[in-house]
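Following: one structure in structure tokens, then a few remarks.
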Amino acid sequence: MKVSKLLAPTMKEDPQEAEIISHKLMMRTGMLRRLAAGVYNYLPLGLRVIKKVENIIREEMDAIGGQEILMPALTPKELWEESGRWQVMGDNMFRLKDRWGREMGLGMTHEEIVTDIARKEVRSYRELPVMLYQIQTKFRDEPRPRGGIMRGREFIMKDAYSFHHNTESLDETYRECFQAYWRIFARCGMATEAVEADPGPIGGTDNHEFMVIADAGEDTIFLCSGCGYGANREMAYFMDPSGELPARPETSKKEKIHTPNVSTIDKLVEFLGVEAEKFIKALVYMADGKPIMALVRGDRELNEVKLRRALKVKSLEMATAEQILSFTGGDLGFSGPIGMEGKAVYADTEVRYMVDAVCGANEKDMHFKDVNPDTDFNVTGYIQIRDAADGDICPKCGKMMDVKRSVELGHIFKLGRKYSDSMKATFDDEDGKEKTFIMGCYGIGVTRIVAAAIEARHDKDGIIWPISIAPFECVVMPVISGDDKQRETAEKIYDELRKRGVDVAYDDRDHRPGFKFKDADLIGYPVRVVVGKDLDNGKLEMKLRHEKEKRMINVDTAVDEIMAVINELRAKDFELADKFEGCPC
RNA sequence: CGAGGUGUAGCGCAGUUUGGCUAGCGCGUCUGCUUUGGGAGCAGAAGGUCGGUGGUUCAAAUCCACUCACCUCGACCA
């Protein structure tokens, strides 16, 4: 490709619309342009990278027996109604009507569609297991798109679905997929952490998120350096406090205090001049329609996933002011455990260790101080219902966990029969009985990989692509394009590299060398070959983007030497992929 | 949806507080000449319904009202 003909409008300055590094660099390199909020045009350089990522995914998915298909983005309402997700997806789904008024949705994920394929086309256990995948545009009407391509409303995703006749088969495919995922991300230049996560509206049991550590990430994960335990914030459990409970006063020394309009922890901290950790925060929820109170220390966050799991309920919603009034007898903002005997009150394990705490009095503008658990109140149960925080201890091995920001690149689930049951997707098993499929599903954010790779590999001058996904593997340029000898030599090398299967760009533009160097660094060609004045001594210059030093090579052997370096770089991408250490389940 | 912010040339910005005459600057673009190892110099040129609508005024980028788009933080998130 001649750079003079390439639509790659590079910019010297950061665009105002971009905040995170990958977004800025994609704009500056001319890979990406915004069309609407969370919706982007991919210009040639951007698409080249995407295609390379897609092909790596194809290779690894095919290697574990995946079969590529293509399902439509435009999907009929009826299928989503069978699983109940027409409702569950809510405002996140883009919806439209055709000219006859039939309702359709733009696909956010394709469990329903693929399950429909399976129930129509797969009849016997002899055809199982089968794994189908597609690389396709997904639509999600995000409340707040951000980070450029990092969280868009339209994005490319690889989604795979597997069908099995028993759980052993599902487990096996899950493990294979786990390894394939590690390899895919590694080949794109990123080492990932697999963490346990909440399955969310997709449903199912076991699931892992593949996270790459990055400051620009939106997720918080907890990792144990000791045993490898890792979990998303929603699912991060930790070691409960043990040891002796603090001594309790024989008789209550609690005292009611007047706190006019002081209804939040922040206001209480200011009003009473006491730290947030001295307060007992009481939250009232409707759990499957029944009111319950949950208590956590004032400086902690309640974890709704943990609470929902502990209570074994499906729905959990914050109670309204009226519901709080009828449950506690007091106003919103002044709830507490005292006087709640016989009602459902669950406290975080940490609350039991609190001494002389402050809590709401279930009465407008009133709190209690010097409150002590056991002496002043009892609860239905002490369970772990708060978010993990910095300094918490690994539940498996007792070492301190690290807190990291990260980007979710992939998520794999063991779905079980959730969709096959609701959609009556059956096959004939070996015992002659009709059974519903056991399913797994496996997603990768293709466009997000591109953003994450840039976040992981860049410097002040631009992107430092791994050769596997670079828009071009190599660029060749004459220093002075007006110099016939330089130009002819550069062209010859360009042609020869192309013949040998290198994805090479030829910067034939009539610009000053400094300009072309800056552009090359920005775009991040892994290998740069410069034909300049050393040509008179039979020498060229080769420089790798990730190295500081230039190498001088002989004109006569230049192509062989360049090929050797490129092949070395290509092989390197597999080194990390081959370091896979095994699936935890 | 809550809170804050931005919209002026392809990009980055000034001008808006305190209304005023032909709306500016840098980068980029086009022409010509000179240059050529880290985003060149000189000379010339093109490019704007100042996000939109309505209002106030002799006069609006500037003041008022409404509206749209986008960004950041939060809520949300296969």
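So you know, we letter chains A, B, ... as the sequences are listed, proteins then strands, and number each from 1.
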Taking any heavy-atom pair under 4.0 Å as a contact, classify [X]: base, sugar-phosphate, or nothing.
| X | result |
| --- | --- |
| Gly443(A) | nothing |
| Arg144(A) | base |
| Lys533(A) | base |
| Asp461(A) | nothing |
| Lys543(A) | nothing |
| Arg33(A) | nothing |
| Glu218(A) | nothing |
| Gln16(A) | sugar-phosphate |
| Asp14(A) | sugar-phosphate |

Picking from [options], which would you name as closest to the side chain of [X]?
| X | options | value |
| --- | --- | --- |
| Glu13(A) | rC11(B), rC70(B), rG39(B) | rC11(B) |
| Pro15(A) | rG12(B), rG38(B), rG37(B) | rG12(B) |
| Asp534(A) | rC77(B), rG39(B), rG37(B) | rG37(B) |
| Asp519(A) | rC70(B), rG12(B), rG39(B) | rG39(B) |
| Glu142(A) | rG38(B), rA75(B), rC77(B) | rC77(B) |
| Lys12(A) | rG39(B), rU72(B), rC71(B) | rG39(B) |
| Phe515(A) | rG37(B), rC77(B), rG39(B) | rG39(B) |

Side-chain touch [X]/[Y], heavy atoms, less than 4.5 angstrom:
| X | Y | result |
| --- | --- | --- |
| Pro44(A) | Leu6(A) | yes |
| Gln179(A) | Glu60(A) | no |
| Phe94(A) | Arg153(A) | yes |

[atom1] spacing across the pair [N] / [M], given as an integer number of angstrom:
| N | M | atom1 | value |
| --- | --- | --- | --- |
| rG74(B) | rU29(B) | C1' | 42 Å |
| rG12(B) | rC73(B) | C1' | 24 Å |
| rC1(B) | rG39(B) | C1' | 45 Å |
| rA46(B) | rG4(B) | C1' | 39 Å |
| rC42(B) | rG5(B) | C1' | 42 Å |
| rA45(B) | rG28(B) | C1' | 14 Å |
| rU57(B) | rG52(B) | P | 22 Å |
| rU34(B) | rU72(B) | P | 48 Å |

Verify the distance criterion only: is there a donor paired with an acceptor across the side chains of Lys539(A) and Asn554(A) at less than 3.5 Å?
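A donor-acceptor contact under 3.5 Å links the two side chains.
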Taking [atom1] from [X] and [atom2] from [N], how many angstroms apart are they, rounded to a whole number?
| X | N | atom1 | atom2 | result |
| --- | --- | --- | --- | --- |
| Arg509(A) | rG39(B) | CZ | P | 15 Å |
| Leu7(A) | rG10(B) | CG | C1' | 13 Å |
| Glu209(A) | rC77(B) | CD | P | 13 Å |
| Lys460(A) | rG38(B) | NZ | P | 14 Å |
| Asp507(A) | rG39(B) | CG | P | 15 Å |
| Glu19(A) | rG4(B) | CD | C1' | 14 Å |
| Arg34(A) | rA69(B) | CZ | C1' | 8 Å |
| Ile480(A) | rU35(B) | CD1 | P | 12 Å |

Gly443(A) backbone acceptor or donor facing Tyr181(A) side chain under 3.5 Å:
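Yes: the side chain of Tyr181(A) pairs with the backbone of Gly443(A).
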Who does [N] pair with, Watson-Crick or G-U, both distances under 3.5 Å?
| N | answer |
| --- | --- |
| rG19(B) | none |
| rC77(B) | none |
| rA40(B) | rU34(B) |
| rG4(B) | rC71(B) |
| rA45(B) | rU29(B) |
| rC50(B) | none |

On RNA chain B, does the nearest nucleotide to Gly514(A) precede the nearest nucleotide to Arg233(A) from the 5' side, or the other way round? Give the residue.
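That would be Gly514(A).
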Return the 5'-most residue of the pair Leu522(A), Lys138(A) with respect to RNA chain B, ranking by each residue's nearest nucleotide.
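The 5'-side residue here is Leu522(A).
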With salt bridge (charged side-chain N to carboxylate O under 4.0 Å, His left out) as the criterion, how do Glu111(A) and Arg85(A) come out once you've worked through the C-alpha distance, each side chain's angles and the decisive distance to 0.1 Å?
CA-CA 10 Å; Glu111(A) 283 80 9; Arg85(A) 289 208 299 181; 2.7 Å; yes
Would you say Arg512(A) places a side-chain N or O within less than 4.0 Å of OP1 or OP2 belonging to rA40(B)?
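Yes, because at least one side-chain N or O of Arg512(A) sits under 4.0 Å from OP1 or OP2 of rA40(B).
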Tell me if the aromatic rings of Phe178(A) and Phe210(A) count as close, with their centers under 6.0 Å from one another.
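For Phe178(A) and Phe210(A), the ring centres are under 6.0 Å apart.
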Is the NZ or CZ atom of Arg528(A) both under 6.0 Å from the centre of the six-membered ring of Phe517(A) and within 45° of that ring's axis?
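The answer is yes, since Arg528(A) meets both limits relative to Phe517(A).
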Rounded to the nearest 0.5 Å, what separation is found between the CG atom of Asn41(A) and the CZ atom of Arg33(A)?
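Between atom CG of Asn41(A) and atom CZ of Arg33(A) there are 9.5 Å.
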With distance as the sole criterion, do the side chain of Arg28(A) and the base of rG12(B) form a donor-acceptor contact below 3.5 Å?
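It does not, because no donor-acceptor pair links the side chain of Arg28(A) to the base of rG12(B) below 3.5 Å.
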Measure distances between side-chain N and O atoms of Arg151(A) and base N and O atoms of rC77(B), and say whether any donor-acceptor pair falls under 3.5 Å.
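Yes, a donor-acceptor pair under 3.5 Å.
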